Amino acid sequence: MPRRCTVCDHRERHSIDEALVDGAPYRSVAKRFELSESAVYRHKTEHLPTHLLKAREVEEAARADDLLEQVRDLQTHALDILERAEKAGDLRTALAAISQARGNLELLGKLAGELDERPVMNLNISPEWLELRAVIVGALEPHPAAHRAVLGALERAGNG
Ligand SMILES: [Zn+2]
C-alpha cells in the first residue's frame, strides 16, 4: 500500500516536515516523534518534496497545505516575544527571539524553494522574502540595537 505513510498520517506531520526542512537528521526526527527511521527517511525523500511543492502552490492558490502559514505564525510569535523582552529589558531573551526569527526566515526561504539552488539571487528577489524582511526590519526600528543585529545577521546570511 504505497500511499500509507505513518508520517503523512501523523497528527504532527507539519512539525515533522518543518524539522526535516530545517535540516534535522531523520534519525533524530524519528526519535522525537516516535516514528520508525525508515518511515521518516522514506517520507523525507518521497513525500516531503510534494508537500513543499504544495506549500508553494498554496502561496498562489491560498489553500491546501498551511506550512508557510505556520512558519509565519512562528515568526509573529518570535517578534512578539522580542518586543516584550525588549520592553522588559531582557536582552538575553530578545537575542534568542532574534535568532529564532532569523531561523524562521531561513525556513521560509527554504519552503519557498529559494535557498537550495541560487541562494543569494533568488532569495533577494523573492517577494515572500522582501515582504518579511520589511516587516521584521520595520518591527525592529524602535529597537536600534536589535535592528542593527538583525540587519547584520541578514546581510551575513545573504552573503552566504
Ligand atoms: Zn509521507
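One-based numbering, in listed order, for ligands and for the atoms of each. Here the structure is a predicted model, which means the values were calculated and not measured.
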Item to check | V29: which of D22, D17, L20 passes side-chain contact (heavy atoms from CB on, under 4.5 Å) | outcome: L20
Item to check | CZ (F33) with more than 12 external heavy atoms under 6.0 Å | outcome: yes
Checklist outcome for this item: Closest to the Zn ion (ligand 1), among the N/O/S atoms of H43, is atom ND1
Item to check | For the Zn ion (ligand 1), the closest N/O/S atom belonging to H47 | outcome: ND1
Next on the checklist: Angle at the Zn ion (ligand 1), SG of C5 to SG of C8, rounded to 10 degrees, please.
Outcome noted: 110°
Checklist outcome for this item: When rounded to the nearest 0.5 Å, the distance separating NZ of K87 from NE2 of H143 is 7.0 Å
Item to check | Ring-ring centroid check H47 H43, cutoff 6.0 Å | outcome: yes
